[in-house]
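Below is one structure; the comments refer to it alone.
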Amino acid sequence: MSRLETSLSGIKLKNPVIPASGTFGFGYEMADVYDLNILGGISLKGTTLEERFGNPTPRIAECENGLLNAIGLQNPGVEHVVKHELPKIRALYDGVLIANISGFSVDEYVKVACAFDNAPEIDILEINVSCPNVRHGGMAFGTDCAAAGEVTRAVKEKTHKPVYMKLSPNVTDIVPIARACEEAGADGITLINTLLGMVIDPKSGRPIVSTKMSGFSGPAIKPVALRMVYQVASAVRIPIIGVGGISCADDVIEFMSAGASAVQVGAHNLVEPFACPNIINELPVKMDEYGIENIKDIIGRSLAL
Amino acid sequence: MTKGMYEVLSNKRIAQDTYEMELSGDTSSLERPGQFINIKIEGLYLRRPISVCHSENGRLTIIYKVVGKGTGIMSKMEKGRMLDILCGLGNGFDISKGKGRRCAVIGGGVGVPPMYDTAKSLIEQGNEVTAILGFATKDAAFYIDEFEKLGVKTIVTTDDGSLGIKGFVTDGLKTTDCDYYFACGPEPMLKSLHRTGISGQLSFEERMGCGFGVCMGCTCETLVGYKRICKDGPVFESSEVTFDVKA
Ligand SMILES: Cc1cc2nc3c(=O)[nH]c(=O)nc-3n(C[C@H](O)[C@H](O)[C@H](O)COP(=O)(O)OP(=O)(O)OC[C@H]3O[C@@H](n4cnc5c(N)ncnc54)[C@H](O)[C@@H]3O)c2cc1C
Ligand SMILES: Cc1cc2nc3c(=O)[nH]c(=O)nc-3n(C[C@H](O)[C@H](O)[C@H](O)COP(=O)(O)O)c2cc1C
Ligand code: FES
């Protein structure tokens, strides 16, 4: 067994590093930049039932140690993704493929999840109940225990692949929501999605992003994400994918120590196209330095300290 | 796209708030004029996209205007400074479409720089070229001599009439018999060019997350679908472009 190997619901990953949804497109375009097969997994761009343009531009603003985005789930719709995007990425990549699923109703979540459940290319279904950039949907399902449980149950009833619920940090207490998902049958939890944030041009007083408020991520949110992974890991038995501000091997080790079985790298892919390969290469060096034999051994070690 | 370290060879003010920076490093990923680079600036999270003005064998020139934090830091950089840069981004202009046509290269403000190598390539291709360079005022104008030295007929317009024709680049275009254009500049300029009905290629700007196609931060609507300005663009054919956006 490789020292970097880990697993999610019995599915083996070469290493714990997964590009996060929305920061890696549908993966294949990055194949010109580096060999995708070094990646532990890939979480694909958030997909809805119908094609979506998303929000008007500007969709991006910079802030201290991070950025705000209001993409608004631009995607070509699930039918197109299954037919055209999945075969393309699968031809280039032999690791774990995660479909990232969004909806505006429970019924839509189920329909999109079923389409990916039937697609042989996909290994894990990641249900995004936490997108802050769409009205009437997205985050609304992830900020309420009953709604999060309902989406989980409905998707689990109709699908066979492992279902990971991707949760929003924009809540008073993340623990009951994670528990509600676990009780409804979720196989795992991904957290966190972006924090709701804002940037205003000091000269004009005008918000920079077209939707005014938008999703804040990057290194600045890492302590919040880490804290939430730690809290949820203490409260549930299902595996966790940790995400939020990860940009180096030390960050991966911190998240896994807090209880994550794997991690996702989001914003850092945008500013450093070699983010994931760099982290994967740096991991064994850091493990040697800290006397870690296998990365799996450290999952949740901070919980007992 | 390639990523590399580039050395600042020179960095000097050439007009009001406008600087020319020469860099050395790998230029192998630059295939067409009108492509851009994305520069990492220490202390700032996002890279800064800047068009390539001129490139040849391991050297490239950019021209930028100081408008904020990043360009402010850049303006103070000294010779010998190393920069982390993503090179060869975007599609660039397809100059082969200009073959056999009377071509204008049209730049507005800091849209002028990418038109330099565009003009140069058109001339190398055997085209006769007219350059129409629009600036706000005389103090903001730059590179007029450089275009003339290429052997390009150069028309200058300024908003206030302090240099050349008073008016916009479209007023300059009217004085020519050009039937095709390559253009880069602020959106209102591109819009009025588009409205002339003459066909050509337009280069757009948008706030970018990545600059290489993975985040969907820069998407615009075109007549041929949703396009990423950083990857499918920044250059689009006038026949693909619409300024009536429904989103
Ligand atoms: C494809 C492309 C080519 C460009 N070529 C040139 C060029 O050759 N010369 C030149 O002077 N400028 C060019 N620009 C504009 C240049 O990118 C911005 O002026 C620059 O990013 C401003 O950075 P700042 O930190 O000084 O400003 P700030 O306002 O401090 O920047 C804050 C954020 O907004 C972004 N931003 C601000 N203005 C713009 C803008 N107009 N376009 C895109 N992002 C913006 C910045 O990149 C940064 O992420 C180009 C833009 C694009 C998209
Ligand atoms: C540009 C951008 C687009 C995103 N799109 C999605 C998406 O489609 N679905 C989703 O679940 N999360 C999306 N996210 C959230 C990320 O997957 C991740 O959860 C979040 O950004 C925190 O990680 P980071 O700090 O490493 O960026 C997006 C984030 C960014 C920056
Ligand atoms: S800026 Fe990321 S896709 Fe264009």
Side-chain angles (χ1 to χ4, degrees), chain A residues 19-30 32-34 44-46 51-76 133 199 201-203 208-210 214 217-220 245 247 266-275 278, chain B residues 1-5 29 31 37-49 67-71 73 84-91 187 204-222 225-234 242-247:
Chain A
S21 180
T23 64
F24 212 67
F26 287 98
Y28 51 84
E29 282 180 334
M30 287 302 285
D32 297 339
V33 181
Y34 61 82
L44 303 173
K45 176 63 195 166
E51 178 181 34
R52 283 177 59 80
F53 171 69
N55 292 315
T57 53
R59 297 176 173 185
I60 300 280
E62 184 181 58
C63 64
E64 278 305 296
N65 261 302
L67 82 155
L68 284 94
N69 91 83
I71 310 302
L73 296 172
Q74 182 192 338
N75 78 93
N133 293 324
V199 176
D201 175 1
K203 212 189 281 172
I208 289 180
V209 175
S210 70
S214 56
S217 75
S247 66
H268 198 50
N269 287 310
L270 309 187
V271 295
E272 175 42 79
F274 293 95
N278 289 349
Chain B
M1 172 177 73
T2 50
K3 181 187 138 116
M5 296 304 291
S29 57
E31 287 165 0
I37 64 176
N38 216 354
I39 309 174
K40 171 80 193 148
I41 294 166
E42 232 172 280
L44 298 181
Y45 192 65
L46 295 176
R47 289 174 184 265
R48 297 305 194 257
V67 296
K69 276 186 243 163
T71 46
I73 295 171
D84 170 345
I85 288 175
L86 306 179
C87 191
L89 304 176
N91 59 353
E187 202 162 309
F204 288 81
E205 251 183 31
E206 190 47 78
R207 283 177 185 256
M208 293 186 172
C210 62
F212 49 91
V214 296
C215 77
M216 311 294 142
C218 63
T219 307
C220 63
E221 267 190 85
T222 71
Y226 303 150
K227 299 286 178 189
R228 294 159 300 180
I229 286 182
C230 72
K231 177 103 180 184
D232 310 308
T242 169
F243 288 90
D244 311 314
V245 184
K246 50 180 186 303

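The chains referred to below are lettered A, B, ... by the order of the sequence lines, with proteins before strands, and numbering in each begins at 1. Quick caveat, the model's predicted, so the values are computed rather than measured.
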Proximal component of [X], with respect to chain B [non-hydrogen, under 4.5 Å]:
X	answer
Pro273(A)	both
Asn269(A)	backbone
Phe274(A)	side chain
Ala220(A)	neither

Can you name the salt bridge (Lys or Arg N to Asp or Glu O under 4.0 Å) partners of Arg207(B), sequence neighbours left out?
none

Using the side chain to side chain contact (heavy atoms under 4.5 Å, CB included) rule, pick out the option among Asn75(A), Ile60(A), Ile71(A) that qualifies with Met216(B).
Ile71(A)

Tell me, side chain or backbone of Met1(B) under 4.5 Å from chain A's heavy atoms, or both, or neither?
side chain

Measuring heavy-atom distances to chain A, does Leu44(B) have an atom under 4.5 Å in its side chain, in its backbone, in both, or in neither?
both

Nearest non-hydrogen partners of [X] and [Y], listed with the distance:
X	Y	answer
Phe53(A)	Cys220(B)	CE1-C, 3.9 Å
Leu270(A)	Cys215(B)	CD2-CB, 3.6 Å
Leu67(A)	Tyr45(B)	CD2-CE2, 4.0 Å

Got Leu46(B) and Val271(A) here, is their nearest side-chain heavy-atom distance under 4.5 Å?
yes

Are the side chains of Glu62(A) and Arg47(B) in touch, meaning some heavy atoms are under 4.5 Å apart?
no

Pairing of Arg59(A) and Glu206(B) as salt bridge, 4.0 angstrom limit
no

Given the options Ser210(A), Pro219(A), Pro19(A), Pro76(A), which has more heavy-atom pairs under 4.5 Å with chain B than any of the others?
Pro219(A)

Max heavy-atom pair count under 4.5 Å with chain B, selected residue of Gly22(A), Cys63(A), Gly27(A), Gly218(A):
Gly22(A)

Thr2(B) OG1 to Asp32(A) CG distance, which is reported to the nearest 0.5 Å:
12.0 Å

Taking only residues two or more places apart in sequence or in another chain, which ones pass side-chain hydrogen bond (donor to acceptor under 3.5 Å, both in side chains) with Lys40(B)?
none

